[in-house]
Structures are given as C-alpha cells and as structure tokens.
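Structure first, commentary second.
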Amino acid sequence: PNGTPGEVWTGNTAVKFNGGDGTKDNPYQIATGEQLLKMVLDAASEGTYYKQTYDIKLNDTSNPDWKNDARNWVWNNNIFKGNFDGAGHTISGLYYDGENSKVGLFPYAANATIKRIIVSDAFIRSTGFGTGALVGDANSGTVKIIECYATETVSVESTHSKTGEKGAGGFVGYGGA
C-alpha cells in the first residue's frame with residue numbers, strides 16, 4: 001500500500017511515510033507516488049517537514065503516447081502549509097485533465113516552502129483557473145518556491161476565461177495580484 005521506490009504510482013494513497021517524524025531534523029521521507037499523495041492530502045501539514053528521497057514516477061512516460069493511458073493526479077481542497085524538500089529529485093508523469101480549479105502537484109499552498117524539485121514529463125489541462133505544474137493556487141500567505149525546475153517536457157493549459165480570474169500560469173497557476 002505504500003508503493004515501491006522506482007515504480008510507477010498505483011493511484012493509491014500510502015498508509016505511512018518511508019520514515020521520519022515530520023520535524024525539521026527528521027522530516028517525513030517520501031520515496032513513492034503513494035507517499036507523495038499522502039503528503040498532498042494531509043490536512044494537518046502546517047509546520048511539518050517532508051523530504052523526497054527518490055525520483056518519483058506518477059505515470060509511465062516511456063511511451064510517446066503515455067497520456068492516452070495516464071492516471072489523473074489528485075485534486076483536493078487541502079491547503080499545503082508544510083515544508084517540502086525535493087532534494088533535487090525528479091517527479092515525472094504528473095498528469096491532470098479535468099475541470100477543477102487550483103490544479104497542480106500541490107493544488108493549493110499557503111505559508112509553505114517548496115524547494116529543489118524537478119518536474120518532468122508532465123501534462124496538466126483544466127477548464128478551471130489556477131492551473132500550474134507545481135502549485136495551482138499560491139494566493140494565500142507566503143509561498144516560497146526555491147530552486148524548482150520544469151523541463152521542456154512540461155505542458156500546462158487552461159481554457160478558463162472568466163473575467164478577473166486567470167487560467168494557466170505555468171509553474172504556479174495563480175499567485176494573486
């Protein structure tokens with residue numbers, strides 16, 4: 001249920017992290033897509049520390065037509081308020097094709113730090129606003145994004161066009177005015 005490092009995400013949520021206790025000195029260890037999802041769904045992330053310890057594959061992108069069989073990444077209303085260190089690891093195969101607003105690896109972040117992540121081979125498309133590869137909506141509080149990168153194989157698009165609201169923003173979908 002917790003996934004296997006190096007293998008493609010099963011679509012499930014991990015029961016536990018790969019180690020750690022969530023403190024600055026001993027962050028929760030994230031080695032699989034299942035554990036990454038556990039973190040994203042954690043409604044009590046405020047002040048918690050997480051560290052990625054392996055490259056994570058959310059979908060198998062080895063086939064040029066990988067998007068035809070891709071598994072949608074989660075959308076939720078939780079606000080990530082923790083500290084995530086990707087440790088220079090890659091998250092590949094991020095995929096979302098749907099109608100929700102605030103879509104990204106982290107759908108919504110506030111008073112958070114997200115650092116040292118490489119996003120590769122990703123496709124995010126929505127009819128909603130706030131569509132980004134890393135964060136969908138970073139409009140509340142301070143969100144620090146440090147040393148995060150997207151490769152040229154990342155595509156983000158939104159067909160949202162309501163007056164006063166923004167569609168896609170690339171790395172961060174919506175960051176406020």
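Model, not experiment: these values are computed from the prediction.
With hydrogens and angles disregarded, no donor-acceptor distance shorter than 3.5 Å links the side chain of Asn59 to the backbone of Thr61. Without hydrogens or angle criteria, Ser92 side chain to Lys57 main chain gives no donor-acceptor distance under 3.5 Å. Using a distance-only test at 3.5 Å, with no hydrogens or angles considered, no donor-acceptor pair links the side chain of Thr131 to the main chain of Ser126. No donor-acceptor pair under 3.5 Å is formed between the side chain of Asp137 and the backbone N or O of Gly130. Put simply, the side chain of Thr53 gets close to the backbone of Ile30: a donor and an acceptor are under 3.5 Å apart. Checked by atom type and distance alone, the side chain of Thr142 never pairs as donor or acceptor with a backbone atom of Asn111 at under 3.5 Å.
With hydrogens and angles left out, the side-chain atoms of Thr153 and Thr151 include a donor and acceptor closer than 3.5 Å. Tyr50 and Asp42 share a side-chain donor-acceptor pair at under 3.5 Å. Side-chain atoms of Thr10 and Glu34 include a donor-acceptor pair closer than 3.5 Å. Between Thr23 and Asp21, the side chains place a donor N or O and an acceptor N or O closer than 3.5 Å (distance only, hydrogens not considered).
Note on Leu94 and Met39: same hydrophobic cluster, where clusters join Ile, Leu, Val, Met, Phe, Trp and Tyr whose side-chain heavy atoms are under 4.5 Å apart, directly or indirectly. Linking ILVMFWY residues whenever their side-chain heavy atoms come closer than 4.5 Å, directly or via other members, leaves Tyr54 and Tyr149 in distinct clusters. In the hydrophobic clustering of ILVMFWY residues, with side-chain heavy atoms under 4.5 Å counting as a link, Leu41 and Leu36 come out together.
Between Gln35 and the choices Thr13, Val15, Val40, Asn18, the side chain to side chain contact (heavy atoms under 4.5 Å, CB included) rule is met once, by Asn18.
Every side-chain contact (heavy atoms from CB on, under 4.5 Å) that Asp85 has, sequence neighbours left out, goes to Lys51, Ala87, Lys115, Arg116.
Around OH of Tyr95, the count of heavy atoms belonging to other residues, nucleotides or ligands within 6.0 Å exceeds 12.
Summarising the geometry, atom CG belonging to Asp97 is positioned 5.5 Å from atom CZ belonging to Phe123; distances are rounded to the nearest 0.5 Å. A distance of 9.0 Å separates CZ in Phe106 from OG in Ser45, rounded to the nearest 0.5 Å. With rounding to the nearest 0.5 angstrom, the CG atom of Leu58 is 9.0 Å from the CG atom of Leu37.
Within the 4.5 Å cutoff, the side chain of Asp121 has no heavy atoms near those of the Val154 side chain. Ile91 has its side chain within reach of Ile117: a pair of non-hydrogen atoms, C-beta onward, lies under 4.5 Å apart. In this structure the side chain of Tyr49 never reaches within 4.5 angstrom of the side chain of Phe84, judged on heavy atoms. At a threshold of 4.5 Å between non-hydrogen side-chain atoms, the residues Tyr96 and Arg125 do not count as touching. Using a 4.5 Å cut-off on side-chain heavy atoms (C-beta onward), Tyr28 and Thr48 make contact. No side-chain heavy atom of Asn100 sits under 4.5 Å from any side-chain heavy atom of Thr127. Side-chain atoms of Val135 and Ile114, non-hydrogen and from C-beta on, do get closer than 4.5 Å to each other. Using a 4.5 Å heavy-atom threshold, the side chains of Trp9 and Ile56 count as separate.
Val156 approaches Ala133 most closely through the heavy-atom pair CG2-N, 3.8 Å. For the residue pair Asn83 and Gly47, the shortest heavy atom distance occurs at ND2-C, 4.1 Å. Shortest non-hydrogen contact noted between Gly20 and Asn26 is CA-OD1, 3.4 Å. Contact record, Ala138 with Val143: CB-CG2, 3.9 Å, taken as the closest heavy-atom pair.
Residue pairs meeting the side-chain hydrogen bond (donor to acceptor under 3.5 Å, both in side chains) criterion with at least one member in residues 69-78: none, sequence neighbours excluded.
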